[in-house]
**Student:** 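I'd like to ask you about the structure that follows.
In this text, all values refer to a predicted model and were calculated from it rather than measured experimentally. A, B, ... follow the sequence lines: proteins, then strands. Residue 1 opens every chain.
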Amino acid sequence: MDFSEEQILRYSRHILLREIGGVGQRKLLSSSVLVIGAGGLGSIVLMYLTGFGIGRVGFVESDNVDLSNLPRQILYTTKDVGRKKIEAAYQRLQDMNSDVKIDVFDKRLNENNAEDIFKYYDLIVDCTDNFESRFLINRLSVKFKKPLISGAVVRFEGNVMLVIPYKTFCYNCIFEEPPNQICIETCSNSGVFAPVVGTIASIMTTEAVKFILGLQTIEGHLLIYNGLLAEMRRIKVKRDENCLVCKNS
Amino acid sequence: MEKYRYLYGVSKEVGFTKVRIMEGKDNNIYVVDIRGLVCPYTLIKAKLALEELKIGDILEIHLDNIAALRNLPTAFIYYGQEYLGTEAISDSEWIIKIRKKE
């Protein structure tokens, strides 16, 4: 694939990087990523992936834009309140970069529709906001052997992990089951500091790109960022040999 | 033997994507003409050209931009390439020679 003059200009700052260059940029343009959830994390992940030219970007989302979304879900504007997120997001992303093929899935992911959606993509990025979805997406990624980047944020703290099925630990290796409904912490009832969502989403995108380009990633580690303490920790995690999701290789 | 080819597609501005090749026994010498370009496009075009080469090949960058004359050698050293020297062909045009190492 040859670059047009416009592409050389558009992607010039990545082409200048030793670790990316023209070779890496071409690789990005011929790869595909599926983002699940176009909320706080998804907004930023989708905008970066589209902006720097991942060839094919899909996203799964079925909600409408709510006023309470706007401080962190920066894909949307006040005019979008009440609109389907997929419509507003599709338009914004396509306007950002028409090199990218944007696929939208106006549905909730489940056991039955996952295979048909996952099959088009090299990498899955979990940008959902609840435990139930995270367990489901982890299970499906392992089942269909798709690498997964999973991120989460609550209050001022967030974490990121990269799951390479049957090679690294999976979400289920660390968190065995969804927490008790009474003590469950989600953004909607615990609050979330908007810029920390941006930090976590940026780390997720960085890991996604490094994974695609074969650069060193956080593989085998859980990364934890605390915005209040301005502290980042990387914890080495091994696979759980008895993990109910990924024990059979 | 001397021939010409386009390193990354035929662009509208044929002037600086056209590359002259001098085929050697073990490695080739390529000449990329980036005259008329300003930073950072001098470096971008030269870097894209170098990426197309094989390890050991030499890229001769024909340029007329003073800032690039100073910056390109440092940039290519940072990229892990070997800087072989700069040759002045007039008081406003130069050739920077880089050997591809990685």
**Student:** Under 4.5 Å, heavy atom to heavy atom: which of residues 90-102 of chain B reach chain A? Give them by number, or say none.
**Tutor:**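 Against chain A, the residues of residues 90-102 of chain B that fall inside the cut-off (heavy atoms, under 4.5 Å) are E102(B).
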**Student:** Decide if atom OH of Y48(A) counts as having more than 12 heavy atoms of other residues, nucleotides or ligands within a radius under 6.0 Å.
**Tutor:**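 Atom OH in Y48(A) is not packed in, count stays at 12 or less.
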**Student:** Looking at every heavy atom in both L16(A) and P40(B), which two are closest together, and how far apart are they?
**Tutor:**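 Between these two residues, the closest heavy atoms are CD1-CB, 4.2 Å.
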**Student:** Tell me the closest heavy-atom pair linking G22(A) and L48(B), and the distance in Å.
**Tutor:**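 Looks like CA-CD2, 3.6 Å.
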**Student:** CD of E115(A): more than 12 outside heavy atoms within 6.0 angstrom?
**Tutor:**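 No - once you tally the heavy atoms of other residues, nucleotides and ligands closer than 6.0 Å, there are 12 at most.
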**Student:** Are more than 12 heavy atoms from other residues, nucleotides or ligands located less than 6.0 Å from atom CD of Q216(A)?
**Tutor:**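 Incorrect, the count does not exceed 12.
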**Student:** Supply the atom-to-atom distance K47(B) NZ to L17(A) CG, rounded to the nearest 0.5 angstrom.
**Tutor:**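 Here the rounded value is 7.5 Å.
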**Student:** Tell me whether E51(B) contacts the main-chain N or O of G21(A) through its side chain, where contact means a donor paired with an acceptor under 3.5 Å.
**Tutor:**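 Here the side-chain-to-backbone pair does not exist.
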**Student:** Which distance, rounded to the nearest 0.5 Å, do you find between the CD1 of I44(B) and the CZ of F3(A)?
**Tutor:**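 Reported value, rounded in 0.5 Å steps: 11.0 Å.
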**Student:** For I77(B), I'd like to know if atom CD1 has over 12 heavy atoms of other residues, nucleotides or ligands within 6.0 Å.
**Tutor:**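 Yes, enclosed.
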**Student:** Would you name the heavy atoms of Y41(B) and L9(A) that are closest together and state the gap between them?
**Tutor:**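 Heavy atoms of Y41(B) and L9(A) come nearest at OH-CD1, 2.6 Å.
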**Student:** ring-ring contact (aromatic ring centres under 6.0 Å, His included) with F156(A): which residues, sequence neighbours excluded?
**Tutor:**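 ring-ring contact (aromatic ring centres under 6.0 Å, His included) list for F156(A), sorted by chain: F193(A).
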